[in-house]
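As structure tokens, the structure follows; a few thoughts come after it.
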Amino acid sequence: RFPLEANVPPGFRILDDAKKREIVTRAIDATIAQATARPESPLGKALTVAVGYASDAGFDELLTRMIAERKWLSQASRIEEGRHADPFTGAERLLRRHFRVRQGMTRSAIEEERAQLLDDDTLRTLRDHLAGGSKSDVTSSKSLANALTARTAKERAKAVCNYLLTASETARDRLMTNGLADSRPDLLTLAERAQSRMLVLTSELKAITVVEATLALYRLADRALQFYEEAKGAAAALDFDDLIERTISLLSTSQSADWVLFKLDGGLDHILVDEAQDTSPEQWAIIEALA
């Protein structure tokens, strides 16, 4: 009825589910191809991060779901809009604050901090001291020995963590048996301080994993959505979500809203609401405008 007022192409076609899936699949394939061709680009790095968390089968499904949530994705890209070249810089700041990850901190930097909680001299002293204790002390001593011979920060951090924390990464109740603790209370104090810091850093490491994976998904989905929108534009097509968005705008914010509602009013007697609309705030906005 009102294509010009709704800013849609006259005679536009509506995508059915099969055609939409086809275009979405092409958009995802194009995104992956572009990311693979430039592995050092932000998109390429995002793909490298994302594939570590999603299987081949789950990856397409994940991006498809993100495209379906494009309004939310668009809001994420507009945090601190216009202030940065990267549209997701604002989202990253927000995520880091929410998950208590220091700004600018990386996974490798946190691993390095965890690895260096106990210096080499302290590790040797603790190793030798624990070697003369009980069976559990000896096991701890071996963990510290592994830390001293580790070739990477990640391996060293894991070995130190094995001593300070449990397998579920909670604080060990006892870092040395009573006899060893009584003979070297200074070593116990050092170990307990390192344990407290290790808990904080391990929590931050988990959090930054969430932040990095989320941002990678944002960037990949954003590019896939661009390809998807370009394909729809070329075909003069709209999907169901487009219809909802354009209708809300037409009935509430467009310059023609009052005239359009006046033209519709004479032909409306009832509004039938089904269970799908009942749980959709966007569709309720249409219902309220019509009512």
Side-chain angles (χ1 to χ4, degrees), residues 3 6-9 12-35 41-47 49-51 53-54 57-95 98 210-254 276-289:
N7 193 28
V8 297
F12 68 87
R13 52 194 280 257
I14 299 174
L15 291 178
D16 59 28
D17 289 343
K19 189 64 177 178
K20 180 177 179 178
R21 282 195 299 270
E22 178 187 330
I23 295 177
V24 168
T25 298
R26 290 207 307 266
I28 292 172
D29 289 346
T31 300
I32 294 173
Q34 188 177 81
S41 67
L43 192 67
K45 292 177 180 178
L47 180 62
V49 171
V51 294
Y53 302 105
F59 191 69
D60 283 8
E61 181 185 351
L62 196 58
L63 286 183
T64 299
R65 288 174 59 191
M66 285 290 288
I67 290 173
E69 298 290 343
R70 60 186 187 233
K71 180 180 178 183
W72 169 78
L73 181 64
S74 175
Q75 290 170 343
S77 69
R78 291 202 303 270
I79 299 172
E80 299 183 11
E81 188 175 13
R83 292 173 54 186
H84 308 281
D86 182 350
F88 294 109
T89 297
E92 180 175 3
R93 291 181 190 276
L94 191 67
L95 285 167
H98 178 77
V210 175
V211 172
E212 289 182 351
T214 302
L215 289 168
L217 188 57
Y218 282 176
R219 291 191 173 95
L220 289 166
D222 184 59
R223 189 67 189 99
L225 183 59
Q226 290 176 36
F227 280 126
Y228 175 63
E229 295 293 348
E230 289 165 7
K232 284 194 302 178
L238 300 175
D239 63 20
F240 183 71
D241 291 329
D242 292 323
L243 300 180
I244 297 299
E245 291 170 10
R246 301 299 175 88
T247 304
I248 291 173
S249 176
L250 176 67
L251 299 180
S252 58
T253 61
S254 73
Q277 285 127 27
D278 192 34
T279 58
S280 168
E282 290 79 14
Q283 293 185 55
W284 268 112
I286 295 173
I287 293 165
E288 288 170 355

**Request:** Please tell me if the side chains of Ile32 and Phe59 come closer than 4.5 Å, counting only heavy atoms from C-beta onward.
**Result:**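 Yes - at least one pair of side-chain heavy atoms lies under 4.5 Å apart.
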**Prompt:** So do the side chains of Leu250 and Asn7 get within less than 4.5 Å of each other, counting heavy atoms only?
**Reply:**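 Sidechains of Asn7 and Leu250: no contact.
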Separation between [atom1] of [X] and [atom2] of [Y], rounded to the nearest 0.5 Å:
| X | Y | atom1 | atom2 | value |
| --- | --- | --- | --- | --- |
| Thr214 | Phe88 | OG1 | CZ | 11.5 Å |
| Gln75 | Glu69 | CD | CD | 10.5 Å |
| Gln283 | Thr247 | CD | OG1 | 9.5 Å |
| Lys20 | Asp239 | NZ | CG | 4.5 Å |
| Leu251 | Ile286 | CG | CD1 | 6.5 Å |
| Ile248 | Glu288 | CD1 | CD | 10.5 Å |

Distance-minimising heavy-atom pair for [X] and [Y]:
| X | Y | answer |
| --- | --- | --- |
| Ala91 | Ala76 | CB-O, 3.7 Å |
| Leu43 | Ala35 | O-CB, 3.6 Å |
| Ile67 | Ala224 | CD1-CB, 3.9 Å |
| Ala50 | Leu220 | CB-CD1, 3.6 Å |
| Ala68 | Asp241 | O-OD2, 3.9 Å |
| Leu15 | Lys19 | CD2-CG, 3.6 Å |

**Request:** State whether the number of non-hydrogen atoms from other residues, nucleotides or ligands found under 6.0 Å of Arg26 atom CZ is greater than 12.
**Result:**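 Count over threshold, so yes.
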**Asked** More than 12 foreign heavy atoms under 6.0 Å from CG of Asp29: is that the case here?
**Response**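 More than 12 heavy atoms, drawn from other residues, nucleotides or ligands, come within 6.0 Å of this atom.
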**Prompt:** side-chain contact (heavy atoms from CB on, under 4.5 Å) between Asp242 and Arg70: does it pass, once the steps are laid out?
**Reply:** CA-CA 10 Å; Asp242 292 323; Arg70 60 186 187 233; 2.7 Å; yes
**Request:** Applying side-chain contact (heavy atoms from CB on, under 4.5 Å), run through Leu217 and Val49 and close with a yes or a no.
**Result:** CA-CA 9 Å; Leu217 188 57; Val49 171; over 6 Å; no
**Prompt:** Taking only residues two or more places apart in sequence or in another chain, which ones pass ring-ring contact (aromatic ring centres under 6.0 Å, His included) with Tyr228?
**Reply:**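 Residues passing ring-ring contact (aromatic ring centres under 6.0 Å, His included) with Tyr228: none at all.
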**Request:** Taking Thr25 for its side chain and Arg21 for its backbone only, find out whether a donor-acceptor pair lies under 3.5 Å.
**Result:**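 Checking the backbone N and O of Arg21 against the side chain of Thr25, a donor-acceptor pair under 3.5 Å is found.
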**Asked** Among pairs that include at least one residue of residues 213-224, which meet salt bridge (Lys or Arg N to Asp or Glu O under 4.0 Å), considering only residues two or more places apart or in two chains?
**Response**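 As it turns out, the salt bridge (Lys or Arg N to Asp or Glu O under 4.0 Å) pairs with a partner in residues 213-224, which skip direct neighbours, are Asp86-Arg219.
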**Chi angles and distances behind the salt bridge (charged side-chain N to carboxylate O under 4.0 Å, His left out) call for Glu282, Lys71** = CA-CA 11 Å; Glu282 290 79 14; Lys71 180 180 178 183; 3.2 Å; yes
